[in-house]
Engineer: 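Once you've had a glance at the structure underneath, I'll fire off some questions.
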Amino acid sequence: RGCLAGPVYAAAVILPDDHALVGLADSKKLSAAQRERLAPQIQARAVAWAVGIATVEEIDRINILRATFLAMARAVQALSAQPELCLVDGNQKPDLGCAVRMVVGGDATVESIMAASILAKVARDAELLRLHELHPHYGFGRHKGYGTPEHLRALREHGPCGIHRMSFAPCAQSVLPLQAVRA
């Protein structure tokens with residue numbers, strides 16, 4: 001959720017008890033190569049999986065937390081099999097159209113949450129690589145929209161572009177007005 005640019009992604013995954021996936025972990029603890037290797041295995045072995053997004057415009061309009069909940073709800077709604085219960089990482093409960101149980105630290109302890117975090121991260125990283133082609137001077141292909149020194153330097157030099165989250169202070173406080181760089 002802390003990126004300065006791009007949509008927010010969430011995924012929902014229903015795993016069978018006998019999924020036999022090896023290497024599941026919190027997506028933040030895995031390398032890009034490990035996530036890329038696991039994603040198709042998760043998709044192949046899951047009972048159902050889906051990815052949901054909320055756009056930059058939605059993030060700026062309703063805030064990042066509510067946009068994340070919206071992406072979660074879209075992922076759950078897109079599942080081919082509807083769950084009776086959703087396990088959600090964190091301590092704030094989204095409305096997902098079914099029973100929800102919060103699991104603090106779930107991305108490190110619950111395999112279905114781990115799998116969902118991997119699919120969401122792989123999908124978002126792929127989108128940021130695509131956006132890097134459109135806006136190469138920001139370095140999205142390297143930092144994936146996070147507020148790295150490189151990204152903050154590019155924001156100061158070029159101002160924000162149409163995929164920056166203008167409700168986030170580093171983007172809103174950029175030197176150039178948004179209209180000047182959207183052209």
Side-chain angles (χ1 to χ4, degrees), residues 1-3 5-134 140-141 144-146 163 165:
R1 293 189 302 200
C3 295
V8 65
Y9 280 66
V13 176
I14 301 172
L15 290 177
D17 290 336
D18 61 346
H19 61 74
L21 290 162
V22 176
L24 285 179
D26 178 350
S27 65
K28 297 179 292 298
K29 307 261 187 204
L30 298 172
S31 68
Q34 290 171 311
R35 291 188 302 266
E36 291 286 338
R37 179 185 57 78
L38 282 166
Q41 293 177 32
I42 293 165
Q43 293 167 339
R45 296 179 190 174
V47 172
W49 66 272
V51 175
I53 69 165
T55 66
V56 171
E57 293 79 15
E58 289 169 324
I59 293 166
D60 286 342
R61 189 175 70 248
I62 64 176
N63 80 39
I64 186 61
L65 179 62
R66 290 177 58 206
T68 301
F69 288 171
L70 181 59
M72 288 178 183
R74 288 173 174 162
V76 171
Q77 290 166 359
L79 288 168
S80 59
Q82 289 303 299
E84 294 177 14
L85 171 69
C86 285
L87 304 177
V88 176
D89 181 44
N91 62 4
Q92 297 190 39
K93 186 175 177 182
D95 179 5
L96 301 178
C98 64
V100 173
R101 186 169 76 215
M102 304 311 300
V103 183
V104 175
D107 54 357
T109 60
V110 178
E111 290 183 328
S112 58
I113 295 175
M114 293 175 198
S117 74
I118 291 166
L119 294 188
K121 179 86 170 117
V122 167
R124 187 177 191 291
D125 285 355
E127 174 64 1
L128 269 290
L129 287 173
R130 186 189 74 76
L131 292 170
H132 176 78
E133 297 300 316
L134 299 174
F140 295 133
K144 308 299 188 288
Y146 286 94
I163 64 161
R165 299 173 180 180

Engineer: Tell me every residue that passes side-chain contact (heavy atoms from CB on, under 4.5 Å) with Gln82, counting only those two or more places apart in sequence or in another chain.
Structural biologist: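 With neighbours one apart ignored, the set is Val76, Leu79.
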Engineer: What's the spacing between Cys98 SG and Leu85 CG if we round to 0.5 Å?
Structural biologist: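 Interatomic distance, Cys98 SG to Leu85 CG, rounded to 0.5 Å: 6.5 Å.
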Engineer: The criterion is ring-ring contact (aromatic ring centres under 6.0 Å, His included); which residues satisfy it with Tyr9, sequence neighbours excluded?
Structural biologist: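 Listed in chain order: nothing, the list is empty.
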Engineer: Apply side chain to side chain donor-acceptor pair (under 3.5 Å) to Ser31 and list each qualifying residue two or more places apart in sequence or on a separate chain.
Structural biologist: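 Counting only residues at least two positions away or on another chain, Ser31 forms a side chain to side chain donor-acceptor pair (under 3.5 Å) with Gln34.
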Engineer: In Å, rounded to the nearest 0.5 Å, how long is the span from CD of Glu57 to CD1 of Ile163?
Structural biologist: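 It comes to 10.5 Å.
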Engineer: Between Ala67 and Ala54, what is the shortest heavy-atom contact and its length?
Structural biologist: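 Looking at all heavy atoms of both residues, the closest pair is O-CB, 3.3 Å.
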Engineer: To check you understand the geometry: which heavy-atom pair defines the closest contact between Ser112 and Leu87, and what is its length?
Structural biologist: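 Nearest heavy atoms, Ser112 then Leu87: OG-CD1, 4.4 Å.
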Engineer: Side chains of Met102 and Val104: does their closest heavy-atom pair fall under 4.5 Å?
Structural biologist: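 Met102 does not reach Val104 side chain to side chain.
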Engineer: Whether the side chain of Arg165 engages the backbone of Gly6 through a donor-acceptor N/O pair (distance < 3.5 Å, no angle test) should be reported.
Structural biologist: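 At least one qualifying donor-acceptor pair exists.
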Engineer: May I ask you to decide if Val8's main-chain N or O and Arg124's side chain share a donor-acceptor pair within less than 3.5 Å?
Structural biologist: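 Pair absent, no side-chain N/O of Arg124 close to backbone of Val8.
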Engineer: Shortest non-hydrogen contact from Ile118 to Ala25?
Structural biologist: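 Shortest heavy-atom contact: CD1-O, 3.8 Å.
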Engineer: Do Met72 and Cys86 have side-chain heavy atoms sitting under 4.5 Å apart?
Structural biologist: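 No, too far: nothing below the 4.5 Å cut-off.
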Engineer: With sequence neighbours left out, which residue pairs that include part of residues 63-85 fulfil the salt bridge (Lys or Arg N to Asp or Glu O under 4.0 Å) condition?
Structural biologist: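 For residues 63-85, and leaving out neighbouring residues, the salt bridge (Lys or Arg N to Asp or Glu O under 4.0 Å) pairs sorted by first residue read Glu58-Arg74.
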Engineer: Should Leu134 and Leu131 count as side-chain neighbours, where that means a heavy-atom distance under 4.5 Å?
Structural biologist: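 When only atoms from C-beta onward are counted, Leu131 and Leu134 do touch, with a gap below 4.5 Å.
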Engineer: If you measure from the Lys or Arg side-chain nitrogens to the Asp or Glu carboxylate oxygens, is any gap between Arg130 and Glu127 under 4.0 Å?
Structural biologist: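 Looking at Glu127 together with Arg130, the answer is yes, because their closest N to O distance falls below 4.0 Å.
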Engineer: Closest heavy-atom contact between Ala12 and Ala75?
Structural biologist: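 So the two residues come closest at N-CB, 3.8 Å.
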Engineer: Among all residues two or more places apart in sequence or in another chain, which pass the salt bridge (charged side-chain N to carboxylate O under 4.0 Å, His left out) test with Arg61?
Structural biologist: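 Checked Arg61 against salt bridge (charged side-chain N to carboxylate O under 4.0 Å, His left out); zero matches.
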Engineer: Name all pairs fulfilling the side-chain hydrogen bond (donor to acceptor under 3.5 Å, both in side chains) condition that reach into residues 12-22, sequence neighbours left out, sorted by first residue then second.
Structural biologist: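 Only His19-Glu111 qualify under side-chain hydrogen bond (donor to acceptor under 3.5 Å, both in side chains).
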Engineer: Which salt bridge (Lys or Arg N to Asp or Glu O under 4.0 Å) pairs, counting each pair once, include a residue from residues 87-99, with sequence neighbours left out?
Structural biologist: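 Listed once each, the pairs would be none.
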Engineer: What distance do Ile64 atom CD1 and Leu70 atom CG have between them, rounded to the nearest 0.5 Å?
Structural biologist: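 If we round to the nearest 0.5 Å, Ile64:CD1 and Leu70:CG are 10.5 Å apart.
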Engineer: Can you list everything that forms a salt bridge (charged side-chain N to carboxylate O under 4.0 Å, His left out) with Lys121? Sequence neighbours excluded, please.
Structural biologist: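 By the salt bridge (charged side-chain N to carboxylate O under 4.0 Å, His left out) rule, Lys121 matches Asp125.
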Engineer: Would you say Leu24 and Leu15 make side-chain contact, with heavy atoms under 4.5 Å?
Structural biologist: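 Counting from C-beta outward, Leu24 and Leu15 do come under 4.5 Å.
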Engineer: Evaluate the side-chain contact (heavy atoms from CB on, under 4.5 Å) criterion for residues Leu96 and Gln77: first the C-alpha distance (whole Å), next the side-chain angles of each, then the deciding distance (0.1 Å), finally the verdict.
Structural biologist: CA-CA 8 Å; Leu96 301 178; Gln77 290 166 359; over 6 Å; no
Engineer: Got a sec, which pairs hit side-chain hydrogen bond (donor to acceptor under 3.5 Å, both in side chains) with one end in residues 99-109, sequence neighbours left out?
Structural biologist: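 Every pair satisfying side-chain hydrogen bond (donor to acceptor under 3.5 Å, both in side chains) with a residue in residues 99-109: Lys28-Asp107.
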Engineer: Pair up each side-chain donor or acceptor in residues 37-53 with any protein partner under 3.5 Å, not counting sequence neighbours, and list the distances.
Structural biologist:
unit_1: Gln41; atom_1: NE2; unit_2: Arg37; atom_2: O; d: 3.3
unit_1: Arg45; atom_1: NH1; unit_2: Ala20; atom_2: O; d: 2.9

